[in-house]
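Down below is the structure, laid out as structure tokens.
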Protein chains: 4
Amino acid sequence: MKPEARKKLILASAKRLFSRGGYYQTQISDIIKDAGIARGTIYQYFSNKEDVFVTLLEQYYSQWEESISLAAADINLENVDPVDYFRHRIKRTLVFFSKDKDLCNIALRVGLGLPGDMALVIKRFEERIIRLLIGDLDLGISNGHVRQDLNVELTANLLAGALLSTAYHFFSQDADQAKPLDINKTTEDIIAVFAPGIFTKPYKKQSE
Amino acid sequence: MKPEARKKLILASAKRLFSRGGYYQTQISDIIKDAGIARGTIYQYFSNKEDVFVTLLEQYYSQWEESISLAAADINLENVDPVDYFRHRIKRTLVFFSKDKDLCNIALRVGLGLPGDMALVIKRFEERIIRLLIGDLDLGISNGHVRQDLNVELTANLLAGALLSTAYHFFSQDADQAKPLDINKTTEDIIAVFAPGIFTKPYKKQSE
Amino acid sequence: MKPEARKKLILASAKRLFSRGGYYQTQISDIIKDAGIARGTIYQYFSNKEDVFVTLLEQYYSQWEESISLAAADINLENVDPVDYFRHRIKRTLVFFSKDKDLCNIALRVGLGLPGDMALVIKRFEERIIRLLIGDLDLGISNGHVRQDLNVELTANLLAGALLSTAYHFFSQDADQAKPLDINKTTEDIIAVFAPGIFTKPYKKQSE
Amino acid sequence: MKPEARKKLILASAKRLFSRGGYYQTQISDIIKDAGIARGTIYQYFSNKEDVFVTLLEQYYSQWEESISLAAADINLENVDPVDYFRHRIKRTLVFFSKDKDLCNIALRVGLGLPGDMALVIKRFEERIIRLLIGDLDLGISNGHVRQDLNVELTANLLAGALLSTAYHFFSQDADQAKPLDINKTTEDIIAVFAPGIFTKPYKKQSE
DNA sequence: TATGAATGAGTATTCATTCAT
DNA sequence: GATGAATGAATACTCATTCAT
């Protein structure tokens, strides 16, 4: 097996296990047993347990960054309707989290109680989301699309909290598997809640 | 020292330490050193480390329940303006979390990666909040105050996620201590974001 | 309650518990709970846990010594038939052990694995029995009642081992309660096994 | 070092230490120090302290079973003299216990006061011996070699108790090392005590 | 590169004993 | 004498990490 493939194998096992049991309750023993490798082998690819976890997170975050930049790329900021843009952002986010439930679990729920810099890595993720939203809202204000008197920092937090927690609620491992989420409809429903309070232009429901 | 007082002493130390370091990184040794008691003493009051943690959480949750029921008590549901009621609820929640930053830290951030039933206890807390919001929204719909086509479950999640995550962001230990939050203004700002998307009646800013 | 009465109360509880669980698995907590006294009270009567256990044993051993000397007292060594004497000894021993099953349990089974001098105390008990038997057998040899070529030390050990282990087997707590032992018959049966190999005079069954 | 060898090393240390100090007073620390291994290593071979002890006992018991079956194998039950057979059994038993004084100590003395199923394991050992003797005696009765009126269960207990306790007395660690036992002579002496009371045929001393 | 036996610092928990009230 | 809250030394067991093969 090629080294890269083996590294991926380890990360796949680690992801599944960390997602279910969290950082502390997942042992190196569990990971190597699940990956079918020897105890020493994991240390050929990762310097320690924390490295495995952080690699997983950073991989996830860079995927997210990529997903965001792609989102930016395929939209022409000049002409786009602000609510459409907002809609696009929210949908992208939901789509992203829905793609990998294990990572959703890890990224949105673990945080405090982790050793060293790991909690920081996670915190940075949320801050990045919030800063992005702040940027969006500030832009919207200068464009006249967003209410001048909006509390931007707070609203960014509300949106981030609402989105992340909702993502966890609907997409995480433990979520009710019986009713899968219609992301298009959910996006529209979220817009319907937030848009009237954020934008200056009266909100119109998207025709389906 | 009276037994009850000593138990409180231990819980106070545990709260501070769990809040900063989380469950796993907080050792029994840390707690007893902080509380200035002997190693065995903590086991006179709690059966084990988990018991200390869960006691802390349950205490917090029952405080929250009480705070909620008080909130219900001092409002006349017949005559109250729905936005006013919403405003009241949100403010209560923010006030509650702002009162104890350590518990805010513990309750809102810890979750996955905890042993046994502890994660469950926390999960139940959030579910309780969401169910409460669902009840409010359903009532609003039958009153005609809330949009008929609102996705109630989703909106309850958005609100819960937005509120809890915002509470953590502004009130937790790590929050920027330099700019303390004006809860009245924050409440109003939150209403300004959510009200237009939820209520049927046009939202009017509260005069201060 | 009078001090002596309370000491007896503690010993009674300790006896029952040590008999069931042995020395190590019986906690001071168990004893005080069973005796219905406070934690500190037991230390008014005994210097420590070991003292409770040893007191129990020594009480038992002195009872046994007394039982032995009584046995000696009511027999006229001159005229008595040697098999009768042997019979008497064996019966006395069996009767003694059968009287207190808890102490039987403690004295015959516990031994190794006890701290300090406790194992010694128990060992001395057995040695005392053996020395007594050696005395009896030596006397019998000089009387001509016992085979000249008998290996006295070994035979004393056989007798002690046989008697003690049989006592435990039939009288201890765990013994089959369904078939209570007829001590007279058992004594006769033991004599029937040992007498022919020990005495010079042909053994005759006792008429009942 | 090969794994099997290391496991044996640990058992050897454990045997010596348990034999001297018993179960409770022997610490894991003592065993690893004696075996010259690291703290964690013992847990690679045994799941816990109890497992080490039980492994030791079960090893001993299976050795004993093997020794017994060998004893049965090299004797022709048809033609053998019953006293010879008895002699053989007794000698085998004595030889067995004399071979490993530490295990002799552990198996014959420990019993009550052990946690979990450990006491049971030991109890089963004795019961096995007794059942074997009962079988022998029943066979002897149907052959006409053994007295018809012998109390078989009791006699088996007497023999087991006599033998085990004598084995401990003469072979255990604490036994008087000054006078080593002549097993042939001891066997003969034991036979001389028991044979006349058990067998129908007059007992004749073995010519040496 | 892969292995897995060996390592040992780290930690929760127990329980006999003390002593102020 | 009686109490029971407080004590802290003692101890089994864990688990990430190493390193010789």
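Naming convention: chains lettered A, B, ... in sequence-line order (proteins, then strands); numbering from 1 in each chain.
- Straight-line distance from the CD atom of Glu50(D) to the P atom of dT11(F): 18 Å, rounded to whole Å.
- Both distances falling under 3.5 Å, in either a Watson-Crick or a G-U wobble arrangement, place dG8(F) opposite dC15(E).
- For Ala38(D) and Ser47(B), each mapped to the nucleotide of DNA chain E holding its nearest heavy atom, the one lying further toward the 5' end belongs to Ala38(D).
- When each of Thr26(D), Asp30(D), Asp34(D) is checked for a side chain to side chain donor-acceptor pair (under 3.5 Å) with Ser13(D), only Asp34(D) meets the rule.
- Between Tyr43(C) and Gly40(A), the residue whose closest nucleotide on DNA chain E is further toward the 5' end is Gly40(A).
- Remark: Asp100(D) pairs with Lys15(D) by the salt bridge (Lys or Arg N to Asp or Glu O under 4.0 Å) rule, at least two apart or across chains.
- At least one side-chain nitrogen or oxygen of Arg6(D) sits closer than 4.0 Å to the OP1 or OP2 atom of dA6(E).
- As rounded to whole Å, 14 Å separates atom P of dA16(E) from atom CD of Gln25(D).
- To the nearest angstrom, P of dG8(E) lies 15 Å from NZ of Lys33(D).
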Item checked: side chain to side chain donor-acceptor pair (under 3.5 Å) between Ser29(D) and Arg39(D), worked out -> CA-CA 7 Å; Ser29(D) 302; Arg39(D) 190 148 279 268; 2.5 Å; yes

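- Listed candidates were dA2(E), dA12(E), dC15(E). Nearest to the side chain of Tyr45(A) is dA2(E).
- The listed nucleotides are dC13(F), dA12(F), dT13(E); the one nearest the side chain of Asn48(D) is dC13(F).
- Looking at heavy atoms from C-beta onward, Leu56(A) lies out of side-chain contact with Tyr60(A) at the 4.5 angstrom threshold.
- Per the geometry, OH belonging to Tyr24(A) stands 19 Å off P belonging to dT14(F), to the nearest Å.
- Nucleic acid contact class of Gln44(C) (heavy atoms, under 4.0 Å, all strands): base.
- Look at CZ on Phe46(D): it is 16 Å from C1' on dA12(F), rounded to the nearest Å.
- A straight line from CD1 of Ile28(C) to P of dT3(F) spans 15 Å, rounded to a whole angstrom.
- The side chain of Gln27(B) has dA12(E) as its nearest neighbour among dA12(E), dA16(E), dT14(F).
- Of the nucleotides present, dA2(E) is the one that pairs with dT21(F) by Watson-Crick or G-U wobble criteria, both distances under 3.5 Å.
- Residue whose closest nucleotide on DNA chain F sits further toward the 5' end, between Arg39(C) and Thr41(D): Arg39(C).
- If you take NZ of Lys7(C) and P of dG1(F), they are 11 Å apart, rounded to a whole angstrom.
- Judged by the 6.0 Å and 45° rule, Lys49(A) forms no cation-pi pair with Tyr43(A).
- Between the P atom of dT11(F) and the NZ atom of Lys49(D) lies a distance of 9 Å, rounded to the nearest Å.
- Map Ile42(B) and Thr26(D) each onto its nearest nucleotide of DNA chain F; the residue landing nearer the 5' end is Ile42(B).
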